[in-house]
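Take a look at the structure set out below.
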Protein chains: 2
Amino acid sequence: MVRPNAGTKGVPRLDRETQILDIASEQFGTHGFAATSVATVADKAGISKPLIYNYFGSKEGLYEACLDRGGSLLADEIERIARGEAVGIERGMATLAGMFTLLEPQPYLWRLFFDPTAPSTGAIADSIAGYAERIGKLADEGVTELMRLAGNDDPLDISAMTAVWLGIVDSLMNWWMEHPEESAEQMMQRCMRLLTALFGGDAE
Amino acid sequence: MVRPNAGTKGVPRLDRETQILDIASEQFGTHGFAATSVATVADKAGISKPLIYNYFGSKEGLYEACLDRGGSLLADEIERIARGEAVGIERGMATLAGMFTLLEPQPYLWRLFFDPTAPSTGAIADSIAGYAERIGKLADEGVTELMRLAGNDDPLDISAMTAVWLGIVDSLMNWWMEHPEESAEQMMQRCMRLLTALFGGDAE
DNA sequence: GACCTATATGACCTTTGGGTAAGTTACCAC
DNA sequence: GTGGTAACTTACCCAAAGGTCATATAGGTC
């Protein structure tokens, strides 16, 4: 039968891989791992399924490549902010600002690391755990410092507060994805206003 | 072939339905809608798949029945608390206390309403939206009042703050499910300590 | 021109899960 | 005793999705 582009020197592999990962990241990040099919990614990339399997080995391999690409961006940025001088809530706001800016062109990137339908064992789980550890470690540091300032060093309290902080970030990201017309700058200003509403003027 | 319980007057239908919903709620709430199969629910209930389809019509019908049963519990409790006199953060803490108590025997109930793998159109989506509206409406009332006290009546800010509040609740529920040894009372005390850590003594 | 490799495809296989067909029989009413 | 119904089952169907097989050929090297 006719095979449209078989036997062609098409797109160089590295370019094609980047294109595939752009589309796959958006699909996985928007719909979740389980609800995204390799066939859909291939369709949207204008290629065939076997090519994706040739390059990435499996659906999990594809997801892992997406994580590796996006995770470095995310974790590097959060680590960069953590090296700053901000502490406590100020550090939290700085982290949010950096993430809004980073994620503005690709807000779905966040969801790659917080997807309940991603595999919970194997390479993907290990990769997610690795990035979550990097991200959570910094969150934990920031939270531990804030809790220490408040005189609380209970490990379970710190763990719960870290979970709450990540839950706040997650809900803001989700709200933002439901309001894509809001810019990163507007989101940051909104966060400052919410902070002020909660703490009054001393958040300044 | 042998059909073990075919042709028996087994369990009265209402009793069997309750049993099925207990198991289905736990499976859906623990694994999510998509990752829960009707076959698994049947296995754990010790019955066959066709019986579930006979009683509930479809997988979506089964989920909807779970939502209807659990949603009334959740929404009724939150509405009961909302009729109290507490305002602002005090009301939020009262809501948490009520929910911890309600959910202690069945923490997965929360997840039925916050499952990204549940269908986003059709009857289930409508049902979830209905309960989410009841729950979110109360959250929105509480948040609107808090924001008004702070001098902020921007609708988008209120919407974002409501999302943050629900994100906090969601992250606490998830943390709790990862620490099932903690009692509802301990969770409430922990929340008070986290609150104190953030606001200092005036949260008392 | 021959050979090799890179880039690519349609067709196919297998498994899984939503759902149904056809059938069984205990219990109850008449 | 007969008929009807409720509660129930095994076997089966179909579609979808993960993944593979066999094949095509443009372009580059020798």
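Reminder, nothing fancy here: chain letters follow the sequence lines and each chain counts from 1.
For A/Pro50, the listed nucleotide lying nearest its side chain is C/dG10; candidates were D/dG19, C/dG10, C/dA21. For A/Val38, whose side chain is taken as the heavy atoms from C-beta onward, the closest listed nucleotide among D/dG18, C/dG19, D/dC8 is D/dG18.
Residue B/Ser48 is in base contact, counting any heavy-atom pair closer than 4.0 Å across all strands shown. Note on B/Thr36: only backbone sugar-phosphate atoms sit closer than 4.0 angstrom, heavy atoms only; bases stay farther off. Across all strands, B/Gly61 comes closer than 4.0 Å to no nucleic acid atom at all (heavy-atom distances).
A straight line from OH of A/Tyr53 to P of D/dA17 spans 11 Å, rounded to a whole angstrom. Regarding A/His31, its NE2 atom lies at a distance of 16 Å from the C1' atom of D/dA17, rounded to whole Å. Rounded to whole Å, the distance from CD on A/Glu60 to P on D/dG18 is 11 Å. Distance B/Leu51 CG to D/dC8 P: 5 Å, rounded to the nearest Å. Taking atom CG of residue B/Asn54 and atom C1' of nucleotide C/dT24, one finds them 15 Å apart after rounding to whole Å. Between the C1' atom of D/dT5 and the CZ atom of B/Arg13 lies a distance of 13 Å, rounded to the nearest Å. Counting to the nearest Å, the P atom of C/dG19 and the CG atom of B/Leu62 are 10 Å from each other. The distance between atom CD1 of B/Ile47 and atom P of D/dT9, rounded to the nearest whole Å, is 7 Å.
Between A/Trp176 and A/Phe100, the ring planes are perpendicular. Angles over 60° get that label, and only those under 30° would be called parallel. Using a 30° and 60° split on the angle between ring planes, A/Phe28 and A/Phe33 fall in the parallel class, below 30°.
No hydrogens or angles considered: a donor-acceptor pair under 3.5 Å links the side chains of B/Asp170 and B/Trp110.
One finds a salt bridge joining B/Arg91 and B/Glu141 here, because a Lys/Arg side-chain nitrogen approaches an Asp/Glu carboxylate oxygen to under 4.0 Å.
In this structure, A/Tyr55 reaches the C/dA8 phosphate: one of its side-chain N or O atoms is under 4.0 Å from OP1 or OP2. Regarding contacts with the backbone of C/dA8, a side-chain N or O of A/Arg16 is found under 4.0 angstrom from either OP1 or OP2.
In this model, a side-chain donor or acceptor of B/Lys49 finds a partner on the base of C/dG18 within 3.5 Å.
Under the side-chain contact (heavy atoms from CB on, under 4.5 Å) rule, A/Met99 has a single partner from A/Val169, A/Ile81, A/Leu109, which is A/Val169.
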